[in-house]
Amino acid sequence: MGATNKALLENTLENSSHSWQQELSLLARHNVYFETRLADRPSILEAAHHLRYQVYCLERKFENPNEHSTGLESDQYDSHAIQGVLFHRPTDRPIGTVRMILPADCAADGLPIEQLLRENGFDISDFVDIPNSVEVSRFAISKEFRRRWTDDLMVATHPLSPQEAGRQANLAFLSMVQFVLRQSIERRVLYWTAVMEPMLLRMLDRMGIHFRPIGPVVNHHGLRQPSWSYIPTVLEELKLEHRDYWDVVTNAGELSEKMALLAPTPIAMKAWA
């Protein structure tokens, strides 16, 4: 953790009253507790693959742990993918990962979601502009941290209401969405695609982050829903439904303004059955 981040945390905790959590904005609390960093150094990259092993091999059984004997989960897309690692700032501990796969870095078969949809009779180009798209995957937070973070919010000396605890429990996920948005803007990406567990889709939907389904649920390491979203519309809907979440995802509007320079007008979305 950098000196500036440490000073921010120590100053906030030392000088705040017992009601500081209610007084700080959600964005300010995010900046105290969470940061998603680009895995651009070997140590952060290793942390990403170790967390992926923990989540996808041990917790979710998505991958076979025997195929990752080093305790690091990886695949053929990682050599060119953009990877982020979510850190808990007070402990500087890595607790989550997210990955972005660009179509230009894939072989002739295209994005993983393209291949999956093709097998099921769908063409992703009917939904998104492929060159301006990215596939988001390996979006996960350690179950151990999620459980401890939620428990801490509920049993603190000055516990929060269930509603407020729920809002703060979403901060870690919002941090990774902010990372994906920032990286998307840098690469002029306008569409997100993903193959997600229905439970994750429902959770994001409750948070005001809406993906549209492409076809039915498929069996891909368990039940998964191929989905897509147009980023300017995602931000517009999020701002209307959960302004405080929008503040976190866009860093108080900074990233929304940058996205508007790429695509100033959100498009009407069609609800695909």
Side-chain angles (χ1 to χ4, degrees), residues 36-86 94-120 122-125 127-142 173 176-197 200-201 204 211 214-215 218-229 231:
T36 304
R37 304 173 193 167
L38 180 66
D40 57 357
R41 301 197 305 273
S43 59
I44 303 181
L45 197 58
E46 182 175 350
H49 292 298
H50 176 71
L51 274 165
R52 282 167 47 175
Y53 177 82
Q54 176 185 336
V55 172
Y56 289 100
C57 296
L58 303 182
E59 294 179 5
R60 298 187 182 179
K61 312 298 182 183
F62 183 88
E63 296 285 348
N64 183 351
N66 296 328
E67 296 177 359
H68 304 278
S69 58
T70 61
L72 304 173
E73 191 273 318
S74 63
D75 62 24
Q76 69 270 31
Y77 299 104
D78 287 318
S79 60
H80 299 291
I82 304 159
Q83 298 200 59
V85 179
L86 173 68
I95 57 171
T97 71
V98 61
R99 178 176 72 175
M100 302 167 65
I101 304 172
L102 293 165
D105 295 327
C106 294
D109 287 338
L111 293 167
I113 189 174
E114 283 188 77
Q115 302 170 44
L116 180 64
L117 288 172
R118 195 179 301 125
E119 294 169 1
N120 289 274
F122 290 89
D123 186 343
I124 196 173
S125 64
F127 302 86
V128 305
D129 180 23
I130 296 175
N132 292 319
S133 302
V134 68
E135 181 167 348
V136 181
S137 62
R138 296 304 192 264
F139 188 100
I141 296 175
S142 160
F173 290 96
M176 294 200 294
V177 177
Q178 184 195 90
F179 171 86
V180 172
L181 176 59
R182 190 179 297 276
Q183 295 300 318
S184 297
I185 291 169
E186 288 187 11
R187 291 158 179 82
R188 306 185 70 83
V189 167
L190 298 177
Y191 296 87
W192 290 333
T193 68
V195 181
M196 287 187 277
E197 295 174 278
L200 176 57
L201 270 174
L204 291 172
F211 280 75
I214 304 176
V218 298
N219 193 344
H220 179 67
H221 298 276
L223 296 179
R224 300 289 186 271
Q225 176 64 66
S227 306
W228 71 288
S229 63
I231 302 173

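Since this is a predicted model, take the numbers as computed values, not measurements. What you see below is based on every heavy atom in this structure, not just the backbone, and it leaves out hydrogens, waters and symmetry mates.
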**Message:** Working to the nearest 0.5 angstrom, can you tell me the gap between Ser125 OG and Glu114 CD?
**Reply:** 8.0 Å

**Message:** Does this structure show an ion pair linking Asp75 with Arg138, if we count only N-O contacts that are shorter than 4.0 Å?
**Reply:** yes

**Request:** Using a 4.5 Å cut-off on heavy atoms from C-beta on, say whether the side chain of Val128 contacts that of Trp192.
**Result:** no

**Request:** Walk me through it: do Arg99 and Tyr77 pass the test side chain to side chain contact (heavy atoms under 4.5 Å, CB included)?
**Result:** CA-CA 10 Å; Arg99 178 176 72 175; Tyr77 299 104; 4.1 Å; yes

**Prompt:** Does Asp40 offer a backbone N or O that forms a donor-acceptor pair with the side chain of Gln83 under 3.5 Å?
**Reply:** no

**Prompt:** From Arg187 CZ over to Asn132 CG, what is the distance, rounded to the nearest 0.5 angstrom?
**Reply:** 14.0 Å

**Prompt:** Got Leu204 and Met196 here, is their nearest side-chain heavy-atom distance under 4.5 Å?
**Reply:** yes

**Message:** Any non-hydrogen side-chain atom of Pro94 less than 4.5 Å from a side-chain atom of Arg37?
**Reply:** no

**Prompt:** Side chains of Gln54 and Ser142: donor-acceptor distance under 3.5 Å anywhere?
**Reply:** yes

**Request:** Working to the nearest 0.5 Å, report the span between OG of Ser74 and CD of Glu46.
**Result:** 11.5 Å

**Asked** Do the ring planes of Phe127 and Phe122 sit parallel (below 30°), tilted (30 to 60°) or perpendicular (above 60°)?
**Response** tilted

**Message:** Taking the side chain as everything from C-beta on, heavy atoms only, tell me whether Gln178 gets closer than 4.5 Å to Thr36.
**Reply:** no

**Fill in**
Checking Thr193, Leu111, Ile101, Ile113 against Ser137 for side-chain contact (heavy atoms from CB on, under 4.5 Å), the one that qualifies is Ile101

**Prompt:** How many angstroms lie between atom CG of Leu51 and atom CG of Leu86, to the nearest 0.5 angstrom?
**Reply:** 9.0 Å

**Request:** Might you confirm whether atom CZ of Arg188 has over 12 heavy atoms from other residues, nucleotides or ligands at distances under 6.0 Å?
**Result:** no

**Request:** Determine the minimum heavy-atom distance between Met100 and Ser184, stating which atoms define it.
**Result:** CE-OG, 3.5 Å

**Message:** I'd like to know if the side chain of His50 and the backbone of Leu72 have a donor-acceptor N/O pair within less than 3.5 Å.
**Reply:** no

**Non-hydrogen atoms of Pro112 and Glu135 that approach each other most closely** = CD-OE1, 3.1 Å

**Prompt:** Side chains of Tyr191 and Val134: does their closest heavy-atom pair fall under 4.5 Å?
**Reply:** no

**Message:** Using a 6.0 Å cut-off, check whether atom NE2 of His220 has over 12 heavy atoms from anything other than its own residue.
**Reply:** yes

**Message:** Taking the side chain as everything from C-beta on, heavy atoms only, tell me whether Arg224 gets closer than 4.5 Å to Leu116.
**Reply:** no

**Message:** Using every non-hydrogen atom in the two residues, find where Ser227 and Leu201 come nearest and quote the distance to one decimal.
**Reply:** OG-CD1, 3.5 Å

**Asked** Got more than 12 heavy atoms from elsewhere within 6.0 Å of CD, Glu197?
**Response** yes

**Request:** Can you see which heavy atom on Met176 is nearest to which on Gly96, and at what distance?
**Result:** SD-C, 4.1 Å

**Message:** I want to check something: taking the side chain as every heavy atom from C-beta on, are Ile82 and Phe179 in contact at a cut-off of under 4.5 Å?
**Reply:** yes

**Request:** Grab the two heavy atoms, one from Leu102 and one from Ser133, that are nearest each other, plus how far apart they are.
**Result:** CD2-O, 4.1 Å

**Asked** So do the side chains of Asp78 and His49 get within less than 4.5 Å of each other, counting heavy atoms only?
**Response** yes

